[in-house]
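Any value given below was found using the heavy atoms of this structure, including those in side chains, with hydrogens, waters and symmetry copies removed. We number each residue from 1, following the sequence as shown.
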Amino acid sequence: MLELEDGTRYEGKSFGYEGSASGEVVFNTAMTGYPESLTDPSYEGQILVTTYPLLGNYGVPPQREKDDVSEFYESSRIHCRAIVAQDYSWDHSHWLAERSLADWLKAERVPGIYGIDTRALTKHLRECGSMLGRVTVEGTAPAEFYDPNKENLVARVSTPAVEVHGAGEKTVVLVDCGVKHNIIRCLTRRGVKVVLVPWNFDFTTIDYDGLFISNGPGNPDMVDVTVDNLRKALAADKPVCGICMGNQLLARAAGASTFKLKYGHRSHNQPVRRVGTDTCFVTSQNHGFAVDTATLPDDWEPLFINMNDGTNEGIRHKSKPFFSAQFHPEASSGPKDTEFLFDEFVALL
């Protein structure tokens, strides 16, 4: 049973771990890429509803060691509390498949429920907004409703220690607010040395050529330590780039504010326009908060806007090498239309 906090209930069948779970219920419109979505730290504390009707048909690819930047996953574990699908394929087929999605969910103690009318559920969430929910397996006690936005989720998903990836003449400090592996891959492929630091690490005490603020889950108001350090870094005039949560934290460091969206942007086909041009890009997104453009200081301006609802999708400083994107230019499993933003950042170094 999937039960929403407004009392709406959906009955289905289990295909994952047979236990109870609760969190914020959100939807995603991706047609492929469930290993990437499940391991995206931005889904920490959430129950993920997939609008694409079928899950599990291509199984799960091999996993690497916990400290390795895997080719197929965005982190070392599943982050969402549960996953909801219309249908589940018990027969998977792919040359890379190591095991089934169901076996993976059971190993990581994550419930899965299918047989749900996810179209009706998504329309309900779109009209009413994101809400809390819980999945209960018959014979188990229901979990209490859990609101992940009331705690610092970034602290739960960030690396506990400094890590170094790649090599190069230029050094980029990457602040881990819930970093996706593909951000590390996109930077190291461009020949830079990446120093990954915890969310609360004072990176202003070390030498670097550029600063990168990663994506991450939850409410940006909970991450004041990073904002304070980022505010100090902006005085150094070294290149700064942020993605998703990084966009929100950069805006807050600049003096702007953020707000919670009704149901968030969580899809692989969000159109965004680069401000001052007629150029539009197809983007992957996964966030529940946005920057209030009206609160940006005079020396900052919007860089991208969402063509569906007009909300902010990135900011830039008018004269200094600071910019950010609310969407995911490193999107895995795609689209890759905006990966050129990494080239623009590395060129600034």
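Interatomic distance, E98 CD to D103 CG, rounded to the nearest 0.5 Å: 10.5 Å. Of the inter-residue distances, the one linking L196 atom CG with S214 atom OG reads 8.0 Å to the nearest 0.5 angstrom. Note that CZ of F304 is 8.0 Å distant from CZ of F323, once rounded to the nearest 0.5 Å. The distance from the OG atom of S75 to the CG atom of D40 is 7.5 Å, given to the nearest 0.5 Å. Taken to the nearest 0.5 Å, the CG atom of N229 stands 11.0 Å off from the CG atom of L249. Note that the CE atom of M131 and the NE2 atom of H124 stand 4.0 Å from one another [nearest 0.5 Å].
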Criterion side chain to side chain donor-acceptor pair (under 3.5 Å) on D91 and S89, from CA distance to verdict: CA-CA 5 Å; D91 296 312; S89 175; 5.9 Å; no

Stepwise side chain to side chain donor-acceptor pair (under 3.5 Å) test for Y17 and R109: CA-CA 5 Å; Y17 175 69; R109 301 173 68 87; 2.7 Å; yes

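Below 30°, between 30° and 60°, or above 60°: for W90 and Y114 the angle between ring planes is above 60°, a perpendicular geometry. Relative ring orientation between Y58 and Y34 is described as parallel, the plane-to-plane angle staying below 30° on a 0-90° scale split at 30° and 60°. Note on ring orientation: taking the six-membered ring where Trp is involved, the planes of F322 and W300 are parallel (angle under 30°, cut-offs 30° and 60°).
Only one option out of Q326, H287, Q270 pairs with H265 in a side chain to side chain donor-acceptor pair (under 3.5 Å); it is H287.
Side chains of I213 and C177 form a contact here, defined as non-hydrogen atoms less than 4.5 Å apart. Looking only at side-chain heavy atoms (C-beta outward), P271 and N308 come within less than 4.5 Å of each other.
Counting all heavy atoms, side chain and backbone alike, A161 lies closest to P198 at N-CG, 4.0 Å. The two atoms that bring G133 and I47 nearest to each other are O-CD1, 3.5 Å, heavy atoms only. Heavy atoms only, all atoms of each residue included: G45 and P148 are closest at O-CG, 3.4 Å. Considering all non-hydrogen atoms of both residues, T29 and T51 come closest at CA-OG1, 3.1 Å.
With no hydrogens or angles considered, a side-chain donor-acceptor pair links T140 and S20 at under 3.5 Å. There is a side-chain donor-acceptor pair under 3.5 Å between S42 and N215.
Cation-pi contact between K260 and F289: present, with separation from the ring centre below 6.0 Å and deviation from the ring axis of at most 45°. Geometrically, R266 does not engage F27 in a cation-pi contact, judged by NZ or CZ lying under 6.0 Å from the ring centre and within 45° of the ring axis.
A salt bridge is defined here as a Lys NZ or Arg NE, NH1 or NH2 lying under 4.0 Å from an Asp or Glu carboxylate O, and E44 with R77 meets this definition. A salt bridge between E344 and R316 is absent, with no side-chain N of the basic residue lying under 4.0 Å from a carboxylate O of the acidic one. In this structure, D224 does not pair ionically with R231, as no charged nitrogen and carboxylate oxygen lie closer than 4.0 Å. Residues K320 and D299 are not paired through a salt bridge, judged by the lack of any N-O separation under 4.0 Å between the basic side chain and the carboxylate.
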